[in-house]
Amino acid sequence: MLSVENITKSFTIHHLDQTRKAIGEINLHVNKGEFLGIVGRSGSGKSTILKSIYGTYMPEEGAIMYHSKENGPVNILEINDYELIRLRKTEIGYVSQFLKVMPRTTSLELVTESLLEMGESKEHALEKAKDALRHYDIPESLWDNYPNTFSGGEKLRLNIARATVKAPRLLLLDEPTASLDNDSKLKVREAIARLKADGTTLIGIFHDLEFMDGLCDSVFDMSDKALRYVQ
Amino acid sequence: MKQKENITLSVKNVSKLYGDGCAYCAETDAVLDKNVCPECRTVHACRDVSFDLHSGEILGIVGESGSGKSTLMKMLYFDQEASRGSYHISDYDTSQSNVFGLSSQAKRQIRNEILGMVYQNPVYGLEMDFSSMSNIAEKLIAAGSRNVGEMTGTGDHFLDKVNIPLNRKFDPPINFSGGMQQRVQIAKALSNYPPVLLLDEVTTGLDLSVQADVLELIKEIQREMGISMVVVSHDLAIIRMLCDRTMVMLNGEVIEAGITDQILEDPQHAYTQQLVYSIL
Ligand SMILES: Nc1ncnc2c1ncn2[C@@H]1O[C@H](COP(=O)(O)OP(=O)(O)O)[C@@H](O)[C@H]1O
Ligand SMILES: Nc1ncnc2c1ncn2[C@@H]1O[C@H](COP(=O)(O)OP(=O)(O)O)[C@@H](O)[C@H]1O
Ligand SMILES: [Mg+2]
Ligand SMILES: [Mg+2]
Ligand SMILES: [Zn+2]
């Protein structure tokens, strides 16, 4: 499904006349329908790997081969902007702790729009969006409100609802549960289990990966750059 | 790639010179004093600008004052003549003609049928002492409309869409606040359902809450009407909210272009880094 081949990413900060290497020679892969966890200390480059897969960062070396449903194998580092935008709308999702806000878009519109982007019909999208909001305990009274008025936990759950509702083929999770309470975390675990059962491939960074015990198929450890299968 | 790319606008190697140029600045890699030729003092307002705008997308153009953003928009709308380069519009004809070379009549037709323009200063887009309704009617007449009932219907529809109270539709924009004037200008630009809308710093100078109204309106229009847009702004927060892809201009040149989160999170050029870090 996805293989990261020997990628290296450095950041050059011009005004400091400084170049830092965030990750070097990373190799990993994940098979269709599996869940790969990435572990490592803070600053070790976990997010850099996910953002490179999503195409936000452009590693200067290596390749990221993704098996696209529409076009077969593509190198994320070489496809054009439009192809990447299309993949993000229809196949690859990304969730972090931060909610991307849109001006004056209600929570229901936000989740619905993410389905419309995939070409779902309006009625169908609306129904699915409502189901997702219910699953994540976003009270109906908030559906027509703007997310910038939500509590931190509500924002996060909305963020996860928006990314998971489209059941992307590949979902990248960058510590989405970092500041959630236990009940909310269980909700997220449940949603991940459901996505996995439906065949979604997942790559996740979790502070407390043991929370994903039983779901995680393999773990990539930043400290020795080794990929291990878990039993 | 299998997917057929549905290009709406395609701009290639477009330049705009104020002045005659000289042998020195005719070289593509000539070093200028910002955008001015040190030899002949010609202003190179745009230098070798190329980009595509696909159907339904919002392209952002960001850059400091004087970087050539408005000049580029004016060339796209035929307010200014390009010194060099080509401009293709796939909705226009099926031919591959460079529309810069067309007759002024053909250009007028493109302005009336394909492009909408919203200027930073409403004075350029509106007749300030005609009523808002007549401003829209004027645009519709230019686009070939002759049916008065249809025109007032369209006027009502778009004034309502931009939240101008219909009991004020016969007021001239000169009596309106800046935010309302900008909304009338947007209604006028939309009234002939152009597939491409050009927006030049349309929220600059407005109060923050009015800015939010105008931004939401733009987002809604794009969502509902599927119009492609070029959004010019010096404000990265606006670019972040609205744009799928972004180009960064400096001294008339495009120094960096890409998907908006690439530009914002992994800026390559020193100038883009300075812009991005200043808002973090
Ligand atoms: N956009 C960026 N610009 C500059 N440096 C960055 C950027 N993103 C990450 N880095 C640097 O790369 C290193 C790895 O960061 P990151 O991937 O966020 O680590 P982790 O997610 O494991 O905490 C850090 O030193 C960080 O400062
Ligand atoms: N009519 C003109 N004559 C000479 N120079 C001009 C004229 N119009 C614009 N310029 C110059 O062209 C450059 C680009 O201007 P402009 O496109 O308005 O930039 P921006 O919109 O990015 O602020 C500036 O240096 C400006 O002074
Ligand atoms: Mg991180
Ligand atoms: Mg300008
Ligand atoms: Zn010169």
Side-chain angles (χ1 to χ4, degrees), chain A residues 9-19 22 47-48 50-52 54-60 68-90 94 96 98 100-106 109-110 112-114 116-117 119 122 125 146 148 174, chain B residues 1-8 51-59 163 203 208-220 222-224 226 237-238 240-247 255-278:
Chain A
K9 171 66 189 167
S10 307
F11 293 96
T12 298
I13 316 290
H14 292 286
H15 76 279
L16 300 175
D17 204 6
Q18 190 185 86
T19 296
S47 298
T48 300
L50 284 200
K51 286 184 178 176
S52 300
Y54 196 58
T56 301
Y57 292 167
M58 278 292 150
E60 58 269 25
S68 143
K69 186 172 177 191
E70 195 89 2
N71 294 320
V74 293
N75 182 353
I76 300 279
L77 305 186
E78 282 175 358
I79 56 179
N80 69 33
D81 291 352
Y82 294 107
E83 178 60 5
L84 185 56
I85 289 171
R86 194 193 65 75
L87 283 179
R88 288 174 173 193
K89 283 189 176 158
T90 59
Y94 176 89
S96 72
F98 308 102
K100 191 187 163 218
V101 286
M102 304 252 244
R104 312 240 170 151
T105 306
T106 68
E109 284 169 349
L110 202 66
T112 307
E113 190 169 348
S114 124
L116 292 176
E117 282 181 355
K122 231 173 181 160
Y146 303 132
N148 58 354
D174 192 346
Chain B
M1 219 130 287
K2 265 191 301 175
Q3 210 184 15
K4 180 89 186 85
E5 293 187 344
N6 185 5
I7 295 174
T8 305
F51 67 90
D52 289 339
L53 177 74
H54 283 207
S55 103
E57 81 163 321
I58 305 189
L59 173 71
N163 289 321
T203 61
L208 278 181
S209 67
V210 182
Q211 273 194 25
D213 282 339
V214 175
L215 291 177
E216 165 52 16
L217 175 66
I218 293 168
K219 191 72 206 168
E220 186 184 303
Q222 198 255 350
R223 203 156 47 205
E224 287 175 7
I238 289 175
R240 184 206 297 272
M241 274 189 281
L242 294 179
C243 304
D244 305 304
R245 293 188 310 125
T246 297
M247 304 202 301
I255 53 165
E256 193 160 352
I259 300 178
T260 302
D261 64 294
Q262 296 172 340
I263 301 289
L264 293 176
E265 296 194 43
D266 190 10
Q268 303 294 309
H269 194 281
Y271 172 72
T272 315
Q273 292 188 353
Q274 186 192 322
L275 268 182
V276 171
Y277 299 156
S278 69

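Throughout, protein chains are lettered first and strands after them, A, B, ... in sequence-line order, and every chain is numbered starting at 1.
Proximity to chain B (any heavy atom under 4.5 Å) is restricted, for Thr12(A), to the backbone atoms N, CA, C and O. Looking at Leu116(A), there are no atoms closer than 4.5 Å to chain B (heavy atoms on both sides), in backbone or side chain. The contact between Glu265(B) and chain A is made by backbone and side chain atoms together, counting heavy-atom distances below 4.5 Å. Heavy atoms of Tyr57(A) lying under 4.5 Å from chain B belong to its backbone as well as its side chain.
A salt bridge links Glu83(A) with Arg86(A): at least one charged nitrogen is closer than 4.0 Å to a carboxylate oxygen.
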Applying salt bridge (Lys or Arg N to Asp or Glu O under 4.0 Å) to Asp261(B) and Arg88(A), what does each step give before you reach the verdict? CA-CA 12 Å; Asp261(B) 64 294; Arg88(A) 288 174 173 193; 2.7 Å; yes

Go through Ile259(B) and Gln262(B) one step at a time and tell me if the side chain to side chain contact (heavy atoms under 4.5 Å, CB included) criterion holds. CA-CA 5 Å; Ile259(B) 300 178; Gln262(B) 296 172 340; 3.7 Å; yes

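Legend: residues meeting side chain to side chain donor-acceptor pair (under 3.5 Å) with Asp266(B), ordered by chain and number and at least two apart, are Lys9(A), Gln268(B). In this structure Glu256(B) satisfies the side chain to side chain donor-acceptor pair (under 3.5 Å) test together with Thr272(B), sequence neighbours excluded.
Heavy-atom pairs under 4.5 Å with chain B were tallied for His14(A), Glu109(A), His15(A), Met58(A); the largest tally goes to His14(A).
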